[in-house]
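Remarks on the structure that follows.
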2 protein chains.
Amino acid sequence: MSSDAPETRTRILQTTLNLLEGGTERGVRMADIAKQAGITRQALYLHFSTRAELLIAATRHLDDLKAANDRLMPSRKAKSGVERLNAYIAAWTAYLPEIYGTAKALLAMKDTDQAAAIAWNERMQDMKEGCEAAINALSADKRLLPDYTPDQATDILWTMLSVRNWEQLTLECGWSQEKYTNTISRMAHRLLVSDEARVEGNART
Amino acid sequence: MSSDAPETRTRILQTTLNLLEGGTERGVRMADIAKQAGITRQALYLHFSTRAELLIAATRHLDDLKAANDRLMPSRKAKSGVERLNAYIAAWTAYLPEIYGTAKALLAMKDTDQAAAIAWNERMQDMKEGCEAAINALSADKRLLPDYTPDQATDILWTMLSVRNWEQLTLECGWSQEKYTNTISRMAHRLLVSDEARVEGNART
DNA sequence: ACGGCCGCTTTACACCGTGTCAATTGACTG
DNA sequence: CAGTCAATTGACACGGTGTAAAGCGGCCGT
């Protein structure tokens, strides 16, 4: 009752993700997806009335597969603000390369398609909340560098961890994933975390 | 001899820039540009054989108007590495909002158009050289944080100053241009510049 | 075994934006 | 007056998305 109807739909989503991840230079078209899924282009529209809708559904599907929420919310474990920041950065930066293909496609539609823009923004907003939580934990521990308000620090962390920055550093600058993660992590610390020593006072700029 | 033929061409470039800067949600089409320039769409193709070509030409035109080189190379004035870094960041961040509309259009074409991708990459490479020069000056002064190699520091600065980051911080996070510039500048210092205290070694070269 | 529904196919077409082509106009110029 | 050159008019091809309608095969209930 629950696993016979959705069969094709799931297959479509799966092959969509495959193609997006494969990053077929020159974009992934509806026809490509249909062909790969072994159905006609028109059948695609029986399941998803629009390319944007399909992309969005694929993105959600990907999150389910990757158990995004579980991974991005290891907050419970974290004892200190610093630990929490570390955990969040580690989780997100590990997640990034896995969603990149799909994210890029959605990002590209953002400019021309209303629904895609909304979907993308929602996701990024969620991600930003994770940043905010980490920053707040840091702030609660008095380890947030006094130069910034929590809001400002959240914006900074959020921007540092953006898909575009990952893209630029790894794909354009040729950084390995490991180098990327390590460097970003150290940068975040240097930028946002105040020295342990002076837990009480405040810094000289 | 020199100023009668290019008349229309220049007008096209000018109105292209206007439209791009206006950021007419839903993209700027060839027909829009033609209409605005007071010619037919087809006449556009008498001057620029392709949309990408027009966009690229418009970008170059914009650089000329804004005297990009003059602004981005105030290196001669800078006495120290730190000064040079400051000068570069100030010049680039002031330049950014002026080119944003055009940059965004080119950036969007990058994914689908070979020529656009090349043009964009060239420009970003130029910009990166500016970053590199600043970092090298810093390094020569022994003021580059020892955590990074000059290459790495260049990548970091280059990424921090990306168009996408400007877009995110100002347009998405709502930072004012002033806040953006100040914060980025302070971040760059904190991330890349080591404390003045230990100038001890030799400074020049 | 029949009628009906369902998921998918086939075929065809509309729309939009880019790019091409050919014939024409109109102005300026030698 | 002929030539040329910029631009116009109108028509069309292509690729990609999205729509519409008719048909087909399997499966299900009665």
Side-chain angles (χ1 to χ4, degrees), chain A residues 1-16 19-20 22-58 104-117 119, chain B residues 1-16 19-20 22-58 104-117 119:
Chain A
M1 197 187 288
S2 55
S3 62
D4 34 323
E7 196 220 311
T8 304
R9 181 186 160 97
T10 308
R11 186 158 36 96
I12 292 172
L13 291 174
Q14 196 53 55
T15 71
T16 301
L19 289 179
L20 288 176
T24 327
E25 243 8 284
R26 218 68 183 182
V28 175
R29 291 151 304 193
M30 294 299 265
D32 300 332
I33 296 168
K35 193 176 199 176
Q36 193 72 11
I39 59 174
T40 58
R41 189 174 69 87
Q42 287 69 9
L44 235 47
Y45 288 96
L46 298 177
H47 296 272
F48 307 93
S49 65
T50 233
R51 190 177 123 91
E53 195 181 313
L54 170 53
L55 252 49
I56 292 167
K104 191 177 175 183
L106 207 51
L107 217 31
M109 284 215 77
K110 189 169 126 90
D111 293 323
T112 54
D113 186 284
Q114 183 68 10
Chain B
M1 201 186 287
S2 56
S3 62
D4 34 325
E7 195 219 311
T8 304
R9 182 186 161 96
T10 307
R11 185 158 37 94
I12 293 172
L13 291 174
Q14 195 52 55
T15 71
T16 301
L19 289 179
L20 288 177
T24 326
E25 238 14 278
R26 219 67 182 180
V28 174
R29 290 152 304 196
M30 294 298 267
D32 300 332
I33 296 169
K35 193 176 198 176
Q36 192 72 13
I39 59 175
T40 59
R41 190 174 68 88
Q42 288 69 6
L44 235 45
Y45 288 95
L46 298 177
H47 296 273
F48 307 93
S49 67
T50 232
R51 190 176 122 92
E53 194 179 313
L54 169 53
L55 251 48
I56 293 167
K104 191 176 176 184
L106 207 50
L107 218 30
M109 284 215 77
K110 187 170 128 89
D111 292 324
T112 54
D113 187 283
Q114 183 67 10

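These figures come from a predicted structure and were not determined experimentally.
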Walking DNA chain D from its 5' end, the first of Ala52(A) and Thr40(B) to be reached, judged by nearest nucleotide, is Thr40(B)
What heavy-atom pair brings Phe48(B) and Arg9(B) nearest, and what distance separates the two atoms?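 Here Phe48(B) and Arg9(B) meet closest at CE2-NH1, 3.4 Å.
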I need the [X] [atom1] to [Y] [atom2] distance, nearest 0.5 Å.
{"X": "Gln14(B)", "Y": "Leu19(B)", "atom1": "CD", "atom2": "CG", "result": "10.5 Å"}
{"X": "Glu7(A)", "Y": "Thr10(A)", "atom1": "CD", "atom2": "OG1", "result": "8.0 Å"}
{"X": "Met109(B)", "Y": "Leu55(B)", "atom1": "CE", "atom2": "CG", "result": "6.5 Å"}
{"X": "Thr16(A)", "Y": "Leu44(A)", "atom1": "OG1", "atom2": "CG", "result": "6.5 Å"}
{"X": "Thr40(B)", "Y": "Leu46(B)", "atom1": "OG1", "atom2": "CG", "result": "7.5 Å"}

Atom [atom1] of [X] to atom [atom2] of [N]: distance rounded to whole Å?
{"X": "Glu53(A)", "N": "dT17(D)", "atom1": "CD", "atom2": "P", "value": "15 Å"}
{"X": "Glu7(A)", "N": "dG26(D)", "atom1": "CD", "atom2": "C1'", "value": "14 Å"}
{"X": "Ile39(A)", "N": "dG7(C)", "atom1": "CD1", "atom2": "C1'", "value": "10 Å"}
{"X": "Tyr45(A)", "N": "dA21(D)", "atom1": "OH", "atom2": "C1'", "value": "17 Å"}
{"X": "Ile33(B)", "N": "dG17(C)", "atom1": "CD1", "atom2": "C1'", "value": "12 Å"}
{"X": "Asp32(A)", "N": "dG16(D)", "atom1": "CG", "atom2": "P", "value": "8 Å"}
{"X": "Leu44(A)", "N": "dG16(D)", "atom1": "CG", "atom2": "P", "value": "15 Å"}
{"X": "Arg29(A)", "N": "dC16(C)", "atom1": "CZ", "atom2": "C1'", "value": "17 Å"}

For the side chain of [X], starting at C-beta, report the closest nucleotide among [options].
{"X": "Arg51(A)", "options": "dG18(D), dT20(C), dG16(D)", "result": "dG18(D)"}
{"X": "Gln42(A)", "options": "dA20(D), dT18(C), dT17(D)", "result": "dA20(D)"}
{"X": "Arg41(A)", "options": "dA12(C), dT9(C), dT20(C)", "result": "dA12(C)"}

Side chains of Ile12(B) and Ile39(B), heavy atoms from C-beta outward: is any pair under 4.5 Å?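 In short, these two side chains touch, coming nearer than 4.5 Å.
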Note, Met30(A) side chain near Leu54(A) side chain (heavy atom, < 4.5 Å): yes
Is there a side-chain contact between [X] and the phosphate of [N], meaning an N or O under 4.0 Å from OP1 or OP2?
{"X": "Thr50(B)", "N": "dG19(C)", "result": "yes"}
{"X": "His47(A)", "N": "dC8(C)", "result": "yes"}
{"X": "Thr8(B)", "N": "dA6(D)", "result": "no"}

Report which part of the nucleic acid Leu46(B) touches: base, sugar-phosphate, or nothing (heavy-atom distance under 4.0 Å, all strands).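 Base, at least one base heavy atom under 4.0 Å.
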Can you check each nucleotide of nucleotides 23-30 of chain C against protein heavy atoms at under 4.0 Å and return B for base, S for sugar-phosphate only, - for none, in 5' to 3' order? --------
Identify, between Met30(B) and Gly38(A), the residue whose nearest nucleotide on DNA chain C lies closer to the 5' end.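 The residue whose closest nucleotide sits nearer the 5' end is Gly38(A).
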Mind running a 4.0 Å heavy-atom check of residues 107-114 of chain B against DNA chain D and sending the residues that fall below it, in number order? none
Main-chain N/O of Ala34(A) paired with Arg41(A) side-chain donor or acceptor, under 3.5 Å: no
Any ion pair linking Asp32(A) and Lys35(A) (charged N to carboxylate O, less than 4.0 Å)?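 No.
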